[in-house]
Participant: 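First the structure, which I've put down as structure tokens, then a few questions once you've had a look.
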2 protein chains.
Amino acid sequence: MRRSDASAQIVATSTVENYLKHLLLLAEDGETLVPMGALAAALEVVPGTATTMVKALADEGLVLHRPRLGVRLTPEGRRVALNVLRKHRLVETFLVHVLKMDWAKVHDEAEQLEHAISDEVLDRLDALLGHPQTDPHGDPIPSRQGKLHSQVYATLATCTLDRSVRIVRITDQSPEFLQFAEQHGLQPGTALRVADRNLPAGLLALRRSGSSAAASLSLVAAGKILVEPAR
Amino acid sequence: MRRSDASAQIVATSTVENYLKHLLLLAEDGETLVPMGALAAALEVVPGTATTMVKALADEGLVLHRPRLGVRLTPEGRRVALNVLRKHRLVETFLVHVLKMDWAKVHDEAEQLEHAISDEVLDRLDALLGHPQTDPHGDPIPSRQGKLHSQVYATLATCTLDRSVRIVRITDQSPEFLQFAEQHGLQPGTALRVADRNLPAGLLALRRSGSSAAASLSLVAAGKILVEPAR
DNA sequence: TGATTTATTTTGACTAATCAAAATACCGGC
DNA sequence: GCCGGTATTTTGATTAGTCAAAATAAATCA
Ligand SMILES: [Mn+2]
Ligand SMILES: [Mn+2]
Ligand SMILES: [Mn+2]
Ligand SMILES: [Mn+2]
């Protein structure tokens with residue numbers, strides 16, 4: 001007795017939710033086929049496990065499995081995935097802005113909470129936080145209607161030299177990197193410019209706006225920091 | 001490689017946490033043996049399932065199983081159970097006081113969240129809420145140190161006639177009863193008195209303090225409302 | 001005491017999720 | 001068109017948690 005009309009709420013286990021969410025993160029557009037190995041790596045399971053699970057998800061109509069080629073979300077799977085991602089990012093925002101938690105710790109916390117909060121709590125959190133567009137790391141929060149407005153940005157590794165830019169997003173969510181970024185004041189909102197790039201050395205020099213303080217950063221790290229033109 | 005010293009955090013699944021929490025609720029003192037059937041009923045599983053699970057918990061040192069007599073928490077099991085109960089009741093308090101949710105709905109919500117929040121989030125919620133002693137239903141919140149101060153109260157069914165009393169706790173957590181109680185202003189803090197008791201009819205008449213409004217209540221319902229002398 | 005009822009435990013089977021390791025398909029190079 | 005390497009799938013086994021139904025123990029009644 002399976003239901004699949006629009007009104008029926010899918011009852012997904014947290015394992016299923018995690019598979020769908022990671023598929024969304026690995027192919028935001030929803031068209032690209034995600035290779036099984038990439039999905040398995042993201043979920044930290046062996047490839048065989050991912051294959052088995054994906055076939056089950058395909059039976060439920062949540063994903064499309066092209067054997068040996070890859071897997072992608074169906075519209076229904078995407079709907080569920082967007083809702084989980086919205087919970088994840090709103091929870092992170094709550095933890096940082098209301099509970100004042102360290103932004104380096106909230107990802108792991110939200111990894112659990114995203115499966116435990118109801119849609120009603122989600123809505124109320126959203127209202128309490130003033131309907132934020134992005135989470136503390138600058139990651140866009142899917143709208144209630146399932147729109148994920150994901151722009152393409154330059155990074156500190158690619159932006160124009162000596163042009164003032166503002167940090168909009170940190171793409172490396174690991175506690176280590178976030179801790180490091182915070183210590184150097186590299187957070188969404190920070191205005192700065194790249195004073196110099198030394199490609200052979202793989203280094204670049206930063207200058208904070210309205211301050212003479214300088215800092216240097218590796219090209220690899222710089223590539224994880226998305227920016228937009230300031231002002 | 002099992003650890004069981006004080007510093008080691010037990011890694012309990014949410015199933016295990018639910019078993020331990022319900023054992024605590026069924027025998028707050030921690031001495032009484034809980035019959036297997038009572039535990040199974042509370043968890044909504046068949047008795048055989050409870051027996052199997054209890055034997056596993058006994059192997060982990062979380063409960064003491066006296067075959068055919070019943071089961072009770074060990075000190076270690078009680079420690080875990082108190083922490084889960086603290087999470088449950090602080091989450092309920094947060095949902096009502098901060099997110100303004102209906103007090104009839106928060107129990108089911110907290111049933112999931114109690115397994116998803118970390119001890120750090122717990123502490124921060126506690127601070128945000130001003131270290132509350134009781135949840136919205138008047139249920140006592142175990143302290144961080146694991147003290148559960150559970151007083152013995154009179155109920156509206158047993159308290160002195162025509163003496164002004166204050167509601168301190170509603171023991172029936174079902175949405176239906178809580179909804180009903182709210183509609184009649186029967187919430188912790190409410191001051192009132194029992195104007196009359198008609199035992200044969202199983203009815204009693206209430207009079208709200210500072211108002212001439214009267215209401216009648218069944219004895220069964222009245223027994224679920226705990227009160228203390230007002231003032 | 002013996003029979004009947006009730007509570008508990010045991011047994012066997014099932015589902016979801018996982019891993020290890022073997023089998024298979026596909027790729028690029030020659 | 002075969003060969004070796006890589007990615008994927010398949011197979012078989014394991015763990016946590018559950019139920020149905022049979023077996024057993026204990027309590028109650030005659
Ligand atoms: Mn998760
Ligand atoms: Mn984030
Ligand atoms: Mn629970
Ligand atoms: Mn409560």
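What you see is a predicted model, and the numbers here were worked out from it, not measured in a lab. What's counted below: heavy atoms across the whole structure, side chains too, no hydrogens, waters or symmetry copies. Reminder, nothing fancy here: chain letters follow the sequence lines and each chain counts from 1.
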Participant: Can you check the B:Leu62 CG to D:dA16 P distance for me, whole Å?
Facilitator: 14 Å
Participant: For B:Gly37, answer base if it contacts any base atom (sugar-phosphate contacts may also be present), sugar-phosphate if it contacts only those atoms, and nothing otherwise; contact means non-hydrogen atoms under 4.0 Å.
Facilitator: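 The answer is sugar-phosphate, as B:Gly37 gets under 4.0 Å only of primed atoms, P, OP1 or OP2.
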Participant: Could you tell me the separation between the CE atom of A:Met53 and the P atom of C:dT18, rounded to a whole number of Å?
Facilitator: 7 Å
Participant: So, does the side chain of B:Arg68 form a donor-acceptor pair with the base of C:dT9 at under 3.5 Å?
Facilitator: no
Participant: Which nucleotide in the set D:dT8, D:dA16, C:dA17 lies at the smallest distance from any side-chain heavy atom of A:Met36?
Facilitator: D:dT8
Participant: Please state how far atom CD in B:Glu60 lies from atom C1' in D:dG17, giving the value in whole angstrom units.
Facilitator: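 Answer to the nearest Å: 14 Å.
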Participant: For B:Arg144, run the side chain to side chain donor-acceptor pair (under 3.5 Å) check against B:Asp123, B:Asn83, B:Asp126 and tell me which one passes.
Facilitator: B:Asp123
Participant: Tell me the interatomic distance from A:Leu43, atom CG, to D:dT8, atom P, rounded to whole angstroms.
Facilitator: 14 Å
Participant: Side chain of B:Val46 only, heavy atoms from C-beta on: which candidate in D:dC19, C:dA16, D:dG17 is closest?
Facilitator: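 My answer, after comparing the listed nucleotides, is D:dC19.
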Participant: Check the distance between C:dT9's P and B:Leu39's CG and give it to me in whole angstrom.
Facilitator: 11 Å
Participant: Would a line drawn from the ring center of A:His107 to the ring center of A:His137 be shorter than 6.0 Å?
Facilitator: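 Ring-ring flag for A:His107/A:His137: false, centres at least 6.0 Å apart.
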Participant: D:dA16 P sits how many Å from B:Lys55 NZ, rounded?
Facilitator: 15 Å
Participant: If each of A:Gly48 and A:Thr15 is mapped to the nucleotide of DNA chain C with the nearest heavy atom, which maps nearer the 5' terminus, i.e. the 5' end?
Facilitator: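 Per heavy-atom nearest nucleotide, the more 5' residue is A:Thr15.
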Participant: Does a side-chain N or O from A:Thr52 land closer than 4.0 Å to OP1 or OP2 of D:dT9, or not?
Facilitator: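 No, no such contact exists.
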Participant: Has A:His65 got a side-chain N or O lying under 4.0 Å from the OP1 or OP2 atom of D:dT8?
Facilitator: no
Participant: Rounding to an integer number of Å, can you tell me how far B:Leu20 CG sits from D:dG17 P?
Facilitator: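 Value for this atom pair: 11 Å.
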Participant: According to a strict under-4.0 Å criterion, is B:Tyr19 in side-chain N/O contact with OP1 or OP2 of D:dT18?
Facilitator: yes
Participant: Let me know the distance between CG of B:Leu33 and P of C:dA7, rounded to the nearest Å.
Facilitator: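 For the pair B:Leu33 CG and C:dA7 P, the rounded distance is 17 Å.
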Participant: Donor-acceptor pair, B:Arg169 side chain versus B:Leu226 backbone, under 3.5 Å?
Facilitator: no
Participant: D:dT9, OP1 or OP2 - any side-chain N/O from A:Thr51 closer than 4.0 Å?
Facilitator: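 Looking at the OP1 and OP2 atoms of D:dT9, one of them is under 4.0 Å from a side-chain N or O of A:Thr51.
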Participant: Assess the side chains of B:Gln173 and B:Asp139: does a donor N or O sit below 3.5 Å from an acceptor N or O?
Facilitator: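 Judged by distance alone, the side chains do pair up.
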Participant: From the options C:dT10, C:dT9, D:dT9, select the nucleotide whose nearest atom is closest to the side chain of A:Pro67.
Facilitator: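 Among the listed nucleotides, the one closest to the side chain of A:Pro67 is D:dT9.
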Participant: Does any N or O in the side chain of B:Arg86 come within less than 3.5 Å of the main-chain N or O of B:Pro142, such that one atom is a donor and the other an acceptor?
Facilitator: yes
Participant: Which nucleotide wins on minimum distance to the side chain of A:Thr49, given the candidates D:dT8, D:dG17, C:dT18?
Facilitator: C:dT18
